[in-house]
A.B. asks: 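Could you have a look at this structure, given as structure tokens, before my questions?
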Amino acid sequence: MTSDQQKINVCLLLEGTYPYVAGGVSGWVHELIREQSHLTFHITAILPPDASQDYRYELPDNVVGINNIILHRLQRGENMKSRAQHQLFQQIETPLLNLQARARTKDLKKIMALLQDAGGRVGSQVLLDSEEVWVMMIRMYNTTMGNNSFLDYFWSWRALMGGLYSMLLADIPEADCYHALCTGFAGLLLARTRLETAKPCLLTEHGIYTNERRIEIGSADWLEDPRSQNLNVERNRFEKNLRDLWIESFAGYSKLCYEACDRIFTLYEGNKDLQLEDGADPEKLFVIPNGIDFERYSSIQRSESHPPTIALIGRVVPIKDIKTYIRAVAILQRSVDNLRALIMGPTDEDPDYFEECIEMVDHSQLNDVIQFTGKVKIDEYLGEIDVIVLTSLSEAQPLVILEAGAAGIPSVATEVGACREIIEGRSDETPVMGAGGLVCSLSSPGEVAHALQKLLTDPQFYQSCSGNIKERVRKYYNKTDQHKAYRDVYAQYTG
Amino acid sequence: MAGIGFVLRKLSRQDNLIGTVQAYVISALISTGPWLFTILALGSISALSGRFVSRSVLVEFRTIIIYNFAFSLVLAAPIYMVVTRYLADGIFRQDVSNTPGTLVGSLVLLYAIEVPIACLFYIFYANLSTELVLAAIINFLLISGVWLISVFLTALKNYRTVTQAFGLGMLATVLGAGILSRLYGAAGIITSFSLGLSIILGLIFARILSEYPHPITNPFAFMRYFIKYWEIGLSGFIYNVAIWSDKWIMWFAPEADQPASRLITFSNYDSAMFLAYLTVVPSMAMFILSVETNFYEHYVKFYRDIQQLATYKQIHENWKTLVRSILSSSRGFLVLQGSICVMVILTSSKIFDFLGINFLQLGIFRFGVLGTMFQVFSLFILIILSYFDHRKATLLVQSVFLITNVGFTLISLKLGFKFYGYGYFLASLVTFIFSAFITMNYVDKLIYHTFITRNASVTE
């Protein structure tokens, strides 16, 4: 840190996102920094080795610094006497194994202390490539998964250790408080920062890292190894297969991060359960939902004279389950005359899937009913839409329900992420406002069609949903509240 | 969603754990092939032409051929070693379309370097008749061409074509020499040798073009390999300088020949050494056989099992088997070559008597036999090292051989005639001990080296 650099109020620890990747979390961070313009921010960006380093956002003026940490890329470092190396790896082995099984802060502390003792200049030469660490790696392999492919273990071990050490050896700037946007490697960095600096640490999780990794790892077929289907029941406490190794390591990092945090924020209630499962202290958990510009959307004029119109706003990709929407429309149009169904969002992300959707529309003879609008400004359409539909297989806190809700448009959505909370209200909502739409099961076209039919054909029910959702959004999902909540948090921790 | 987490897919199973070594090893073998070829060519042509021409013509011929062999090997080696690696990588990638282009490109490069050097040397330095100058230069370029072009077939393991081409070429040479030597003296013998070489070149060239019917593309694409694999090029150069260095130094002995042509040699030393080289032929044959069968099988199993997701226990087991096969083969060579060596040394005076060789060469020959034994052991070790793609060690071993051979030969030259050949023997012995030490150390940690130091995905 040079002396002419400005004091940093908040250091954001970001993994694979802002400002190098466009997307939901990046947009959120960009807005956070702009809204808290009275504070100075530093960005510590963790990137994969081959990532693009072009900015996708124009950094606001209150970003006073940015540094990148490239995952797995360590300095070569200085060599050590082989005796000292031998001792280091004798002592570091158990805490490393613990980190892959049931991580505790004291394990991380021990690892950090050993690296400290090794003298600051230790790097990949000693930690990953030396003959001494090789011997330790073989021991760790024999302890954890000696019956599995050694080649696979080798690469996984290197990737995990490379990730760990690149977090533990990177420079961290001095700041009033540290705020991570996910657990994982960023969370590990936060845990280390806490131990080193004792400064306040905050975490905001949009999606739950370990949960998303579990899904990813579960579907990674290259982790498949017939040998890992070990029928031996008497497994020792460290014994595992490659999938366990990865998942337990990430779970461990999350736990360390949760322990390090003063406060843990998430977007909706449902996420809290997953965080508790991963070992978060319930006292630290808070929900700060994302808000929308209520003034803007509530002032949209709704037209009276238009055919009954429903709309799915989202990209045409499998995770949005557009096909269930098309099937639901096919059922619905039998009972609702003159129906118009829109699909509003870019169609170029997964051309094969888009093609399949088109074929399905043709096949169901819905060409007059369903319309793909491509990417559009939804403000211009909202006035003519009666119900918003969301058939997604996975969501966090979908803003379209809120934006449409502000305009008084009810939604029919699958039970994912925060959808139920938004449509039916949180369990602690007082006074209870009532439903702002209907919640359906995943991939259930019939259920969706039935819900839509009710909304489109029962004006009384429709009006109550419309009023409820508008009121709920105004009260709980106003952007100004979201910004104020973070302003208060930062005020408390940047002193 | 934020988070990288799992960008590790591509890191997990990489194909480059097995280097592309199979073809590279062949180039180590052809480093000895030319030697035997040189000795046999000199011997048979001398024996045959000796009946028709005077001794001085024969000496003139032999001197020029020795110069051509020595310097063509030294100059061509860096190019053919690098080209071999380039071709091997192409075969590994299953893209051989550049082969005809590379052949043309490397020949152009070789001649661009050699033509000026050969012309300067033979026209301005050597004191030879015009027809001898012309014959010598042409012969030099043809020999170099043969070294280079052989690589293209040996890299493809096409031994048969090579053998046939060489046999036919040598037959033409011998027949030609019988006729031309009587008409044109030394220039006639050299030209008939050149004729034979032309036949060899033409046959191999045709074979390559028929095996690779591709247009000539990217003739100089291999040039970047000089940067990427500079150790290989340098190794080839050093190795050939090293094996000639004792002969070159001995050319400055007071007993050496000082002909009017100014092409000095020391025929007593050279002939003794050439003869000594013949004693390693049985070991070479046994080695090639043993590498191709016993060692290679364990070698491939070691790497393949790693790729096919073996456990560490299996890998360790394979490693032990591989080490055992190396050790047992080594014992075999030691016994075989040791016995040959002892027998030849004990009976050397009888052999000399029988072949009618000058007894002045006897001491040099005995040291030569001992020296070639250790040199051929070092060569085996170098080949093992190149199988494990340990390029730095290969270079180091060859440098040690060069330095010790130069150093010890200079000392033995100082010490006088009784010690001639002792320098070469000592250099070979030291190099052998050094290379055995390095290799044992390396093979001892082979699994570690395979995953860490030889693994391009780790070291990059």
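Computed from a predicted structure; not experimentally measured. The chains referred to below are lettered A, B, ... by the order of the sequence lines, with proteins before strands, and numbering in each begins at 1.
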A.B. asks: Within a reach of under 6.0 Å around CZ of B:F437, are more than 12 heavy atoms found that belong to other residues, nucleotides or ligands?
C.D. replies: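 No, because the 6.0 Å sphere around CZ of B:F437 holds 12 heavy atoms or fewer from other groups.
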A.B. asks: For the CD atom on A:Q75, are there more than 12 heavy atoms of other groups (residues, nucleotides or ligands in this structure) within a distance under 6.0 Å?
C.D. replies: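 Count not over threshold, so no.
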A.B. asks: Quick check: do B:T311 and A:Y141 have side-chain heavy atoms less than 4.5 Å from each other?
C.D. replies: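 They are in side-chain contact.
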A.B. asks: Find the distance between CD1 (A:I138) and NZ (B:K313) and round it off to the nearest 0.5 Å.
C.D. replies: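 Going from CD1 on A:I138 over to NZ on B:K313, the span is 14.0 Å.
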A.B. asks: Answer whether the closest heavy-atom distance between the side chains of A:Y153 and B:Y312 falls below 4.5 Å.
C.D. replies: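 With C-beta onward as the side chain, the pair stays apart.
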A.B. asks: Side chains of B:I452 and A:F154, heavy atoms from C-beta outward: is any pair under 4.5 Å?
C.D. replies: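 The answer is yes, as the side chains (C-beta and beyond) meet within the 4.5 Å cut-off.
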A.B. asks: Please check if the number of heavy atoms outside B:F432 that lie under 6.0 Å from its CZ is greater than 12.
C.D. replies: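 Count over threshold, so yes.
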A.B. asks: When rounded to the nearest 0.5 angstrom, what is the spacing between OG in A:S149 and CG in B:D305?
C.D. replies: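 Separation between the atoms: 11.0 Å.
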A.B. asks: For A:L14, is it the side chain, the backbone, both, or neither that has a heavy atom closer than 4.5 Å to a heavy atom of chain B?
C.D. replies: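 When you check distances to chain B, no heavy atom of A:L14 falls under 4.5 Å.
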A.B. asks: If you round to the nearest 0.5 Å, how far is CZ of A:R158 from CZ of B:F451?
C.D. replies: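 The CZ atom of A:R158 is 11.0 Å from CZ of B:F451, to the nearest 0.5 Å.
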A.B. asks: Tell me if a side-chain donor or acceptor on B:Y448 pairs with a main-chain N or O of A:E132 at a distance below 3.5 Å.
C.D. replies: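 Not a single qualifying donor-acceptor pair exists.
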A.B. asks: Residues two or more places apart in sequence or in another chain: which of them pass side-chain hydrogen bond (donor to acceptor under 3.5 Å, both in side chains) with A:T266?
C.D. replies: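 Testing A:T266 for side-chain hydrogen bond (donor to acceptor under 3.5 Å, both in side chains), a comparison that skips the adjacent residues, returns A:N271.
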A.B. asks: Select one option (side chain, backbone, both, neither) describing which atoms of A:S130 are under 4.5 Å from chain B's heavy atoms.
C.D. replies: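 When you check distances to chain B, only backbone atoms of A:S130 fall under 4.5 Å.
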